[in-house]
Each structure stands twice: as C-alpha cells, then as structure tokens.
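The analysis underlying the following values was restricted to heavy atoms, covering all of them including side chains, and did not include hydrogens, waters or symmetry mates.
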Amino acid sequence: MARRPSTISVVSFGSSKGVAASLKSPTTAQASLSPSISVSKLPRSTSSTHPTNTLNDSKLQDEIVDLDPDELFTKCTIAEVKAKQVQLRADAEAKQEELRIMVGERYRDLLQASTSIIALAKSARRVQAALDETRTAIRDQEQPPEAKRSLQASKEDAHLQTLQTLSAHIKLLLDAPEHLWRLIERERYFQAAWLFLLARVVHRALQADEENWINQGISILDQFPLIQRQWETVSQFRTQIIHKSTLSLRVFDRSAEETCATLLTLHILDSRPLTDTLSTYLAQRSKTLSSLLSKTNDVAPASTTQTSTAEPSKASRAAKTSLHTALDAIIATINTARAVFQGDPSLSIRVLEYIQSDSTSSSTAALPTELRLTTQTLLSTLPSSTHFTLLPSTIKSYKPYVDLSSPSSSLPPSTLHQKLIAWFSEAQKSLGSAAERWIGNVQGIRAAWGIRCTVRTWLNDDKGKELQESEREALGKLVDGVVRNRIVEICKEILGDAERKFEEEIQRAMENPSELEASSPLNTLYKPVAVPSSPGLGSLPSIFDKHFHKYRSTIQQRLSPSLIGVLNKCAEKMKRNFNRIEDESRDDGTMIAELYEIYRPEAAALCIRILDLLSNSIDHLIESYETISSLIFIARIANDFASPSSAFTQNIGCEENVARDFRDKSQQLFDRAISRWKEHTVAHAISKYVELVSHLIEIKSLQLQPTGPSSALTGALFALSSAIYSLGLSHHPTGLKSLVVGVLRTFCAAFANVPHPQHRQSQTTYDLALLRKILHIWEGQNSDDGIAADMQVLDKAISKAQSRPDSATALSSGELGLDSPIDEYLARTQLMLGMLLPQATPPPPSAEKDSLPPLLSYGVPTIDAQFHSAVKLAKPSARFGLLLVENR
C-alpha cells in the first residue's frame, strides 16, 4: 500500500554543505532530527515502546539542541555523517507514522470537540446578545394605558381558554385508541364502550359547533384535518369492543358483576335489548359447554378383572375433572344469569338507573364499584387526566342515553325463566352423553361410586346451593343414572369374566383328566403352607394384618378347588365393593337399593348358568363313561357349592331363596355324580374281591380253618377307603358320614349277592361278620333305618353260610366265636380302613395323672397273640437262608 507523503520533510544531506546548512538552522534541525536518536550512540531499533529508548529520547533531544554542526563535521568522517543522516531520516519517518496513527484514531473526537466548542461559543454570544437586547427593550418600554391593557388581556385570555379547550378535545381523540386498546386487553369492555361513546360525543362537538369555533378565530375543518382522520381510527373500535365482549361471555368463571358489565356493553354500544343480550349470553355459554363436553379422556381403559389398589385410577380422575368443569360451567351460567337479570329490580336495571340518575342517590349506593361508572371517574383513570379538566362541563357530565321505559331496557321474569329452562334442558342432555363417555372409561365399582359421591358434594357446596332444588336434583339424578349404568356394566363384566374362566377351566379339566391329580386334595390339602415371617419390631399393625390375611387366603384356597377360587374371588370382590359403597353412601340409600335391584337378577342368572354348566358336564361324563377322575372333580365342585358355608353363595349377593335353591340343586348334582361314582367304586371293589378270591383258589391258598376275615375282603375294603379318601371331602364331615354309610350299604348288599364258593363258607362267614360289625358301629351313630335292614340281610347271609358247612370241617355257631376275632381284626386294620369307620367316642379320662387317652379308637392289638397278616403276603425265598442273617 502506498504511503501518504509526510508533511515533515528531512533536509537532504547530499553534500556536507547541505548538512551544515540544515544543522545551522535550529528550526530545521529540530524538525528533521528526532529527539529519540542519540548522536554519540545510534540505536539499532527505532521502536518507541521500549522503556530504555524512551529514557534516551529525552537525553538525546537535549544533546541535539546544543549540537554544533561544525563540531560534527570536525569530529566525524564523511561516512559517519552519512550514516547519521540515514538514522535521522528513519527516526523522522517513525515519528510521521506515529502521528498518522494518532490522527486516525482521534481525529473524529477532535472534530466533534472542536464543533461543540464552536457551537457553545456561538450560543453563548447569542444569549449574551439576547440579554443585551432584552435589557435595552425593557429600558426603552413605555407604560401603556391601563384600560387598553386590560381589554387586550381579556381577549388574550379568552382566546387562550378556547385553545386549551380545543386541545383537550383533540387530546382525547388522539389518546382514545391507546386507552381503548389498554381497556380491551384488560377486558374492561364496559369502560371501553363508555370511552368510545365519549370520543364520539367529542367528535360531534367539534363538528357541530363549527360556527362557534369560527367566531373564536379557529376553523376546525381547515386548520385541523387530523380530527376527522383520528375519528376514523377511533370508530373502528366499536366492532372490536362488541366482538371481544361477546367472546368474553364464554368464560364461565367470571363474577356476576363482570358479566353484567359485559352484557350492558352490548346493550349500550350495540343497542341490543336485554332479551337479546340474554340470548347472546346463553348462546356463548352453550359453545363453551360444547367445547368442554367434546373433550375426550385420553386414558386407555384397563381390564375390570384386574385388582387395582391405586384407586381412583387415571380414568376416574380425568372423569372427575371433566365432570367438575362441566358442572361448574352449568351452575355458573344459571347462577350468573339470575344474579344479573333476576330481582326487583335486577342488577342490570339498577345499573341502568344509576347511569340516568344522580350517582349520589341512595338507591344506587349498593352497586359494586366496577359498575358505578361516570365520565368523571373514567377520565380520572386515564393518563394525563388533569388535561381533561379543560373539557366543557357538558362533556364531563356525559351519560349514555338509556330509555328505562322502553321494552328493550327490561326483561320479564317469565322470559328469563323460559330461556333458562330451555338452556338447562339442552345442557343436561349434552352432559348426560358426555358423562356416559367419560365414566365409561372408569374401571372399578368403587371408582365409579367415588365419582358419584364427589358430584353430590359439588352440588351441595356454595355454588350448587344457589341452584333451585329441582335443578340440583336433576343434575344429581343424571349423574346417578350414568354411574348406576356403569356400575351395572362393571358387575356384568366381572360376573361374565368369572363365568368364562370357570367354563374354560372345566373344559380343560375334562379334556385333560391327568392334570386333575395335581389339583387333588390329596396332593394339595396336606402340603405344608409357608408361615409368613414375623415383621420387625416397631412395625405397623397393618403389616401384621397383611401377613395374616395372606396366610389365611392360602389355606382357604387349599380347601377349595381352583375353579371355585375363581368364583369365590369374584363373589368376595362384589361383596367388598358393595359394602364399601354402602359405607360411603350419605343419602337415604335409594341408589344402593336400585343397584341391588338390578344386580341381584344378574347374580341369580350367573348361579343358573353355573348349575347348567355343571349339569351338562355331569351328564356328559355319565353318558360317555369317561374316566371317573373328571366326575369326581365336578362332584367336588358341586359339593362345595352345596355347603351352607360356601363363600360363593354367602358373598355373591343374590337373594336368600335363590341362594338356597342354588345350594339344593348343587347338592342334587353332587348326589347324581356320587351315585355314579358309588356304582363305579362298589363295582370295582366287588370285582377286586372276586379277582382276589379267584387268585387264591387258583394258587390253592385257602385256609381250611380261617381265624378272621379274608385278605380279599381286606383288599376290597381298602379300595373303598382309598376311593372315599380320594374324594377330598374330609373338610365336609356331615356329607362324608352319609357318603360312607351309603357306600358301605351298597357294598354290603352287593357282597351278600356275590356267589361264594361252597368250600369256603367259613371264610365267607368271617367276611360277612366283619361287614355286619362295621354296619353295627355306624348304626350307633346314625338313625337310618336302612342300616338295620342291611344288617338283617347280612344276618341271613351268615345263617345261610353256616347252614352249609364245608366238607372239611363242620363248625357250629358257638364254636366259631366271631366276636373276638372281628374285634381283634378291627384293632389291627383300623388305620388302613380309617375312612370306613366312624370316629369312636374317646373313653373317660383315667384316674392316673400321667395316663394319656389312647390314640387307637378301636383298641390296641394284642401283642402276645400270633401275628396274622391282613393281606396275603408272598412266602420268603429259599435264597434268603444263605445270607446267615442270624449270625450277622
């Protein structure tokens, strides 16, 4: 970049004369020689930032000032002088560059400072000249005549007052848009309408009094065209105020005073009759209500069969919130309409009377502050309110025109009543549809009932009490109906789901009989239950209760089949829910009675469908001759339902006659199934007896002189005992007792009719005597006449067997001695045949303190007697003699 030529040039040292001439001139030398260059010691660097160079600059400047050119040429050679010339030029260029940088940075500041100084100087001179002129004018002024001065002052004062009044008019028009925007943003539409009407009056005053202004020397149209343009801007606010105020009626949580002010805005600004303002108000509230009711609760419905411990769920909370908002909108709409338009006089009429009457009258003193509006109070709230005091009194006392005698300024009570009834009916219909949609997502009876209780509480609070009794009751019944329908649907879903699971389990059990062994009471009833661990010290009582209920429920599940557990849980859940809603009910119980009236037929229908399902299953199993395990499984379920202590019938909530009929029919089903099982079991036992007897005859292992019942009978009786034990009815002692008696009677009748071999009549006599002994034991604990008849049949069979002695030995009845061997046999087999023997009454306690009651109810077997095995055992092999067990 080309460097700008320096304003300071260095004298050429082309010759020694030039150098001497330049050094002789002090000015030239000072301009050309840099004070930062030493003559004796020339620096290697021309940088001005080094501190040593700065110190040398001051010393070198003094030396150069006192330097004599002749002495320089005398002491230095030509080469040294030229070198010093070069150094001096370099220093001069460095100083020039530093000056350029300084001027470039500070030139603008210097120019501004110089300009300001010059302007200050000129202003000071003008002020001084003005003061001198003023002083001279004051000295030269003469006193005018007194009358002439006062006349001129009065004219000037009148003109000044006119100008001030005009400025106040124009000021109001100029500031009106800003004030209107602020009032609209603050939703003070009544004040905005009043200000708009006031601005229109001011504009008309400026145009209508054109001649008066001209008389004052002012032409409004010619000199102030701004007035018309400004009014065109202000006039656009009328539609905005009407539109905004109409939309604000949709907000339902406003006070009655604010709503009244908004409705009067439409009445005054839009010239609407009060009847139309009410219609507009209700129409806007209908839009608000439609918007609220159209909202959907974005909550996925959960399964009703899932036990929820975190009620109310999200769906119930959302339904409560939506219902609360909708009810608030309806209640606020009705209450606000009555607060504004109802009364003698109503709030709206009192405000209109206040506008036309004196504001200090006692009849309007009770109005709220925000409704006692005047032009003076409106202007006092605006900025620059002191300037508006210059307005004429006709404007400051302006009031909107209201004709109280006109029908448009009144609202008959009948019209108000009809419109509110019509609007309330439509709102009630819309709310019913929305409530069904909202509550339809609620899962759980208690959650739905909680919504009903909450709504009742809302209707009885301060806002709800302002409604009429019929309106409050209508809203309550509407919600009650929706909640009742939802609870009924939930009940149907719970019952239907339990029935479906019950049917699926029965179908699976019938298709897979092998799986029933795992659920048999023999495998589950006596399996130990894990005892819950003891909570730590300082635990709450609820923790102990939780562990206890869990342990008890586990035991209860062991006592009932898994299928019954499904229905028991369903019934327990229904009972718990209904008990809960009864506890939370605070009314006369009409709603609870209606729920029971609807629910009980559904519960009765479930009982009927369960009986039909069990009956069809039993019929199918009996007709198809399938495995007896499925039939036992169904019979065990029917027996549990037939029990008076059945948890299902106690908790399902159906009527007593229905529950009794259900138990009776369940007992009939159980009897049908057991009858088929009894036939199968007895036939199996008889066939086993015959098979064992045939086997003994085949291997020729019959005793010629038997000492007790045969092993074949023992095997048959053991088969009966095992079959009865496999039923799993040990926790039903009453039913088990009659069942055992029936099985024994059937077996005895069948055994008596079995053709016994002629050569083993003695053994048959012992077998019959054993059966008679067992029936005799049962006869002492049962008053059934059939046992005596069966004993007579056995007596005849015994007599018949004794009348035909076998060929080997002829034994008389006395010689046979049946009682003692039978008692000894029962003592030895009482544990094996435990299910066929009743529990004997324990003997009275002994006098000895240390004696204990016997564990064996039918006596202790004789120890010294010869051992006779109850069943036929295989003979030991000869190989065992080689083991030399005795020597070992």
Side-chain angles (χ1 to χ4, degrees), residues 289 291-331 427-461 464 474-500 569-587 589-600 602-603 606 653:
L289 186 61
S291 177
L292 295 175
L293 298 180
S294 61
K295 294 182 179 179
T296 57
N297 300 330
D298 298 331
V299 179
S303 176
T304 56
T305 59
Q306 297 176 354
T307 56
S308 175
T309 58
E311 293 186 358
S313 61
K314 292 182 179 180
S316 62
R317 288 195 297 268
K320 284 182 180 179
T321 303
S322 301
L323 274 175
H324 192 188
T325 306
L327 287 174
D328 277 350
I330 294 175
I331 294 173
Q428 189 177 358
K429 293 179 182 178
S430 302
L431 178 62
S433 302
E436 290 179 356
R437 185 175 66 256
W438 294 333
I439 301 179
N441 294 329
V442 177
Q443 305 301 327
I445 296 175
R446 286 182 292 176
W449 185 261
I451 294 176
R452 187 253 182 188
C453 295
T454 304
V455 171
R456 284 290 184 178
T457 303
W458 292 335
L459 293 177
N460 293 328
D461 63 2
L475 291 177
K477 288 183 178 180
L478 184 146
V479 178
D480 287 352
V482 176
V483 171
R484 180 178 60 251
N485 295 336
R486 181 54 186 162
I487 291 178
V488 171
E489 291 177 359
I490 295 174
C491 292
K492 290 181 179 179
E493 292 175 3
I494 294 175
L495 297 179
D497 187 76
E499 179 188 357
R500 178 180 54 81
K569 288 181 180 179
C570 170
E572 183 181 359
K573 182 177 181 180
M574 299 304 300
K575 183 179 180 180
R576 185 172 60 251
N577 288 331
F578 276 101
N579 290 339
R580 180 68 176 273
I581 63 178
E582 285 180 1
D583 296 338
E584 295 178 355
S585 178
R586 300 182 179 89
D587 51 9
T590 305
M591 179 74 170
I592 302 295
E594 293 178 355
L595 285 175
Y596 274 120
E597 185 178 357
I598 299 175
Y599 168 74
R600 282 169 180 165
E602 297 295 332
L606 175 64

>> With rounding to the nearest 0.5 angstrom, report the OG to CG distance, S322 to L431.
In response: 10.5 Å
> I331 and L459: side chain to side chain contact (heavy atoms under 4.5 Å, CB included), yes or no, with the steps?
Replying inline: CA-CA 9 Å; I331 294 173; L459 293 177; 4.1 Å; yes
> Any idea which heavy atoms bring W458 and H324 closest together, and the distance?
Replying inline: CH2-CB, 3.0 Å
>> Could you tell me if the side chain of N577 sits less than 4.5 Å from the side chain of I490, heavy atoms only?
In response: no
> Where do A448 and V442 come nearest, in terms of heavy atoms and distance?
Replying inline: N-CG1, 3.8 Å
> If we ignore angles and hydrogens, is there a donor and acceptor under 3.5 Å between the side chains of E582 and Y596?
Replying inline: yes
>> Is there a side chain to side chain contact (heavy atoms under 4.5 Å, CB included) between F578 and I592? Walk through the geometry before answering.
In response: CA-CA 8 Å; F578 276 101; I592 302 295; 5.6 Å; no
>> For E489, give me all partners under side-chain hydrogen bond (donor to acceptor under 3.5 Å, both in side chains), at least two apart in sequence or on another chain.
In response: R486
>> How long is the straight-line distance from CG of L289 back to CD1 of I330, given to the nearest 0.5 Å?
In response: 5.0 Å
> What pairs with E436 under side chain to side chain contact (heavy atoms under 4.5 Å, CB included), at least two apart in sequence or on another chain?
Replying inline: V482
> Which atoms form the tightest heavy-atom contact between M574 and C491, and what is the distance?
Replying inline: CE-SG, 3.2 Å
> Is W438 close to L293 at the side-chain level, that is, under 4.5 Å between some pair of heavy atoms?
Replying inline: yes
>> Minimum heavy-atom separation for N460 and R456, please, with both atom names.
In response: ND2-O, 3.0 Å
>> Let me confirm one number: the NZ-CZ distance from K477 to R484, rounded to the nearest 0.5 Å.
In response: 10.5 Å
> Counting distance only, does the side-chain N/O of R580 pair as donor-acceptor with the main-chain N or O of W449 below 3.5 Å?
Replying inline: no
> In Å, rounded to the nearest 0.5 Å, how long is the span from CD1 of I581 to CZ of R446?
Replying inline: 10.5 Å
>> To check you understand the geometry: which heavy-atom pair defines the closest contact between S316 and I451, and what is its length?
In response: O-CD1, 4.1 Å
> Counting distance only, does the side-chain N/O of D497 pair as donor-acceptor with the main-chain N or O of E493 below 3.5 Å?
Replying inline: no
> With distance as the sole test, does S294 use its side chain to make a donor-acceptor pair with the main-chain N or O of S291 at under 3.5 Å?
Replying inline: yes
> Could you give the distance from NZ (K320) to CG (L327), rounded to the nearest 0.5 Å?
Replying inline: 13.5 Å
> What distance separates K492 NZ from I487 CD1, expressed to the nearest 0.5 Å?
Replying inline: 13.5 Å
> Which pair of heavy atoms, one from C570 and one from L495, lies closest together, and at what distance?
Replying inline: SG-CD2, 3.6 Å
